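Take a look at the structure set out below.
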Amino acid sequence: MEKPATRNDPTLPAPPDAITYDPGTVERKWQRIWKDRETNSTDLQGATKPFYALMMFPYPSAEGLHVGNLFAFTGNDIYGRFQRLMGHNVFEPLGYDAFGIHSENYALKVGKHPADLIPQNIANFRRQLEQAGLMVDWRYTLSTTHPDYYKWTQWIFLQLLNRGLAYKKQAAVNWCPTDKTVLANEQVVGGVCERCRTPVEQRSLEQWFFRISDYAPRLLANLDHIDWSESTKTAQRNWLGRSDGAEISFAATGVGPGGAYEIPVFTTRPDTIFGASYLVLAPEHPLVDSLTQPAERKKVEKYRERTKKQDIVTRKTSTDKTGVFTGSYAMNPATRKRIPIWVADYVLMEYGTGAIMGVPGHDARDFEFASEFRLPIVRVVCGEREDAETPLTEAYTECDLGTMVNSGPLDGLSVDDAKRRIVEILAEQGAAKAVVNYRLHDWCISRQRYWGPPIPVIYCDSCGMVQVPEKDLPVVLPMVEDFKPDDSGVSPLARHEEWYRVACPECGKMGRRETDVSDTFLDSAWYFLRYPSVGHDDVPFEKNITKKWLPVNSYIGGNEHAVLHLLYSRFITMVLHDAGHLDFEEPYTRFRAHGHIIREGAKMSKTQGNIVVPDEYIEAWGADAFRTYLMFLGPYEQGGDFRDQSISGTRRFLDRLFASAQAMSDDGDPDPAVMRKLHQTIRKVGDDIPRLSYNTAVAAMMEYMNVLRKGERTPHHDEVLPMITLVSPFAPHLAEELWEQTGGEGSVFDGGWPAFDPALAAEEYIELVVQVNGKVRAKIAVPPDIDQQAAVAAAMADATVARFAVGAPKKIVFVSGRLLNIVV
RNA sequence: GCGGAAGUGGCGGAAUUGGUAGACGCGCUGGACUUAGGAUCCAGUGGAGCAAUCCGUGGGGGUUCGAGUCCCCCCUUUCGCACCA
């Protein structure tokens, strides 16, 4: 494999010496002018055609802006600038997602305070972002760490609390022993902490949760009518994990007083109930004690202890089946037979009812379990090639062609019919009902860390848990030097009595603040609501402004947020809608996921030393060439491969445009052939940008420049001027410079998109492809509206065609304006 | 294992609905200009063949006048999810 170039590699292409313009000078000039003239400021109140172009805000890392950030922002900026040229009032804000473990860990590592580091990082980011030439309205920037912002993050928490959507419970949580904090399920990847790769442990702590699972049906249903990337919708659907099935009650005899229990189980295959030969409870199931016979008690207790200690990695990744028999039995309501009740850790308490019916014949996991413990395996479904007696060597899980057997009243039915029928039958006895389950768990939002918004509640000995009144918000995160997390399971804030000791807002007695802070994902779940209302310090989002600017028209971001941020922000928006604060319930009308950039075929990483540092490329080639190259190197929604050598091509393209603008004259008339290509290009670029096909838009402009420069001729004004606007979303500085040079008023971005004239774009002659028996034999120049008869005549005049098309044609296929196929 | 996306020249990638495969760019080859060229400009560039022509979009079948595109089987890469009943 080719050795990836390092950033200090001497083979890094040097900028051309014989440049025709100096991007450094031009870009600095226009960045200054944009600031002076407030070119990028949007009149939020007065806008008549508002268009909100949102990009995912970055975490301001100490390393500075990553090329991935710039790829994302540039893609959004081009879209925003294009919408402005189409006559919209475009609002393109950008802020910083600066709270969270990432910042805090970095601060701990370098021995500084995050409150000191973040402003430095933000200043550096701002410098880099301005260099990149983004059309950002910096008057409306925000940082999630600013009390003016997180005051409202806390307010949102209270809205959920008021609506019963925030609750506290003792929970087995994912605990990262390195970061010393609780992680959301989403932050545990393959059993390890997504941040530091440490295996995650199970711990039982008091945690705050949001009832996002209550919203699962709506979160799922709405996906059908929002304009989002399909890949993102699919990821959300999978994450929500809807399962249609049934809850079936099994009557059991246990050991307690009375001794009779009902064990509800969830299954998506109620049709297989005649094959249910045992029940399994999760080790944490509340009925385990009551169902364990004295003789088995010791064994069961031991097993439960073991699974309790077991870390999530082992529990969730091991496929070895373990379990113990409780000594008790339940009755299968379909077969009326007695079946044993087991406890096993392959059944999870969090999903369904925490209990299952074991159908080893038709579930791979149950098959393994039954094989291990010699439980009966019964066939109740057979495919086309089996019958009721065919032995099972593995679980038969196919449904499509299955027919029921050994199933009493269900025999002969298809799987789907049997599913419905058995639920009807059992429902009559009150033993079953159809239910829908979701994989989505409630959102654990508390963090035992320092660098986040304190959760705004106070605990009082007399009044219990009391909300911090709205007038007392924000609960300001105190500036403390000692913020290192420890192993105690409580936040570092719990070590600062001077902060957490506070009078109860209800009774005035001394109480204690909640010392946990909230998840960073809560900060980012509503930031888009805040941007247009920055400056309105008395409300989270001002009513009229919000009505005018939201929901977001276009949101572009990474698909790594397909299930975290994008789901949480939808949830928070729905809650605020239900609480009457918003009149829409989906935050982003359109969302597109961009791809990711790799470098010379390999993932960029610090250890490999193949990180693309934007500053270096902007310095060497100019922001315009860099932007254009990023958009050209691959399809935007797929990402692409950054090749150092290739950037020279886009730079050459811009130089040539500059040179043509210097050379052009208004003598005589424009060349009709060039004008034809120009108008085809206007149409192509205008079609490509809205669908984010930036690479082909750039290619089309390059093609046009090749046509324009063909031959020794002086380009005409009319051939060059529209090109300045076409390129402007990609290369805004150069476009402004040329716009000014060629007598344009104000900003090129207020000059409108060039008008497309179909008459000028129409071809005088087209190249008709002539095939004989489906093979291309000639290409002939004909008028575009030629009819079949004339086309055949013209084709037969071609020597090659005549040579192959001998005899009477069997069939003629004529696609007007495109192709003629003579079949002989 | 389940789900998504994708396999096209030396390389990154084009090819809105089945209709010229390889646009555009990099690289490479030759030339011009030049003290010089890693600048700029011009020409060429999928493979084989002197040519006519033939072969070519991961592999194998199929549908069609015509398949990179549609259908079936297989292989590979990649990204999610993963004991979710």
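Model, not experiment: these values are computed from the prediction. In what follows, chains carry the letters A, B, and so on, assigned in the order in which the sequence lines appear, proteins first and then strands, with residues in each chain numbered from 1.
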(request) Could you list by number each residue of residues 624-640 of chain A showing a heavy-atom separation from RNA chain B of less than 4.0 Å, or answer none if no residue does? (result) A:Phe632, A:Leu633, A:Pro635

(request) Under 4.0 Å between any heavy atoms, over every strand shown, what does A:Lys710 touch: base, sugar-phosphate, or nothing? Just pick one. (result) sugar-phosphate

For nucleotides 45-50 of chain B, list the nitrogen or oxygen atoms of the protein found under 3.5 Å from its nitrogen or oxygen atoms, one pair per line.
none

(request) Answer with base, sugar-phosphate or nothing: what part of the nucleic acid does A:Ser243 contact at a heavy-atom distance below 4.0 Å? (result) sugar-phosphate

(request) Please state whether the phosphate of B:G25, meaning OP1 or OP2, lies under 4.0 angstrom from any side-chain nitrogen or oxygen of A:Arg643. (result) no

(message) Taking the basic N atoms (NZ, or NE/NH1/NH2) and the acidic carboxylate oxygens, is any pair closer than 4.0 Å for A:Arg651 and A:Asp624?
(response) no

(request) Check the pair A:Tyr617, A:Tyr629 against ring-ring contact (aromatic ring centres under 6.0 Å, His included), reporting the backbone distance first and the verdict last. (result) CA-CA 11 Å; A:Tyr617 287 86; A:Tyr629 177 58; 8.6 Å; no

Show each protein N/O and nucleotides 51-53 of chain B N/O combination with a separation under 3.5 Å, one pair to a line.
from, atom 1, to, atom 2, distance (Å)
B:A52, O3', A:Arg803, NH2, 3.4
B:U53, OP1, A:Arg803, NH2, 3.0

(message) With a cut-off of less than 4.0 Å, is there a side-chain N or O of A:Lys775 near OP1 or OP2 of B:C55?
(response) yes

Give each protein N/O atom lying under 3.5 Å from an N/O atom of nucleotides 76-79 of chain B, with the pair distance.
none

(request) Decide yes or no, distance alone: a donor-acceptor N/O pair under 3.5 angstrom between the base of B:G19 and the side-chain of A:Gln771. (result) yes

Tabulate below the donor-acceptor pairs under 3.5 Å that side-chain atoms of residues 688-699 of chain A make, not counting sequence neighbours, or state none.
from, atom 1, to, atom 2, distance (Å)
A:Asp688, OD1, A:Arg691, NH2, 2.9
A:Asp688, OD2, A:Lys684, NZ, 3.2
A:Asp688, OD2, A:Thr696, OG1, 2.8
A:Asp688, OD2, A:Ala697, N, 3.4
A:Ser693, OG, A:Thr696, OG1, 2.6
A:Tyr694, OH, A:Gly75, O, 2.7
A:Thr696, OG1, A:Ser693, O, 3.0

(message) Taking atom types as they are modelled, would you say the side chain of A:Lys321 forms a donor-acceptor pair with the base of B:C83 within the 3.5 Å cutoff?
(response) yes

(message) Heavy-atom nearest nucleotide on RNA chain B for A:Val815 versus A:Arg652: which residue maps closer to 5'?
(response) A:Val815

(message) Could you check B:G9 for me: syn (within 90° of 0) or anti?
(response) syn

(message) Here's a test of your reading of the structure: between A:Gly649 and A:Ala355, which maps to the more 5' nucleotide of RNA chain B?
(response) A:Gly649

(message) Any base atoms under 4.0 Å from A:Glu560, or only sugar-phosphate, or nothing? Heavy atoms, all strands.
(response) nothing

(message) For a quick test of reading the model: is some side-chain N or O of A:Arg709 closer than 4.0 Å to OP1 or OP2 of B:C42?
(response) yes

(request) Write down the partner of B:A5 under the Watson-Crick or G-U wobble criteria, each distance required to be under 3.5 Å. (result) B:U77

(request) Quick one: label A:Asn695 by what it contacts on the DNA or RNA (base, sugar-phosphate, nothing), any heavy atom closer than 4.0 Å. (result) sugar-phosphate

(request) Could you check whether A:Asn437 gets within reach of a base, just the sugar-phosphate, or nothing at all, counting any heavy atom under 4.0 Å? (result) nothing

(message) Nearest to the side chain of A:Asn238, heavy atoms from C-beta on, is which of B:U16, B:C41, B:G3?
(response) B:G3

(request) Kindly say if A:Arg439 contacts the phosphate of B:A85, meaning a side-chain N or O under 4.0 Å from OP1 or OP2. (result) no

(request) State plainly whether the residues A:Lys321 and A:Glu368 are in salt-bridge range, i.e. N to O under 4.0 Å. (result) yes

(request) Kindly indicate whether the side chain of A:Leu633, heavy atoms from C-beta on, has any atom under 4.5 Å from the side chain of A:Asp641. (result) no

(request) Could you check if a side-chain atom of A:Thr74 sits within less than 4.5 angstrom of a side-chain atom of A:Met631, using non-hydrogen atoms only? (result) yes

(message) Below 4.0 angstrom, which residues in residues 817-824 of chain A have at least one non-hydrogen atom near RNA chain B?
(response) A:Arg818, A:Leu819, A:Asn821, A:Val823

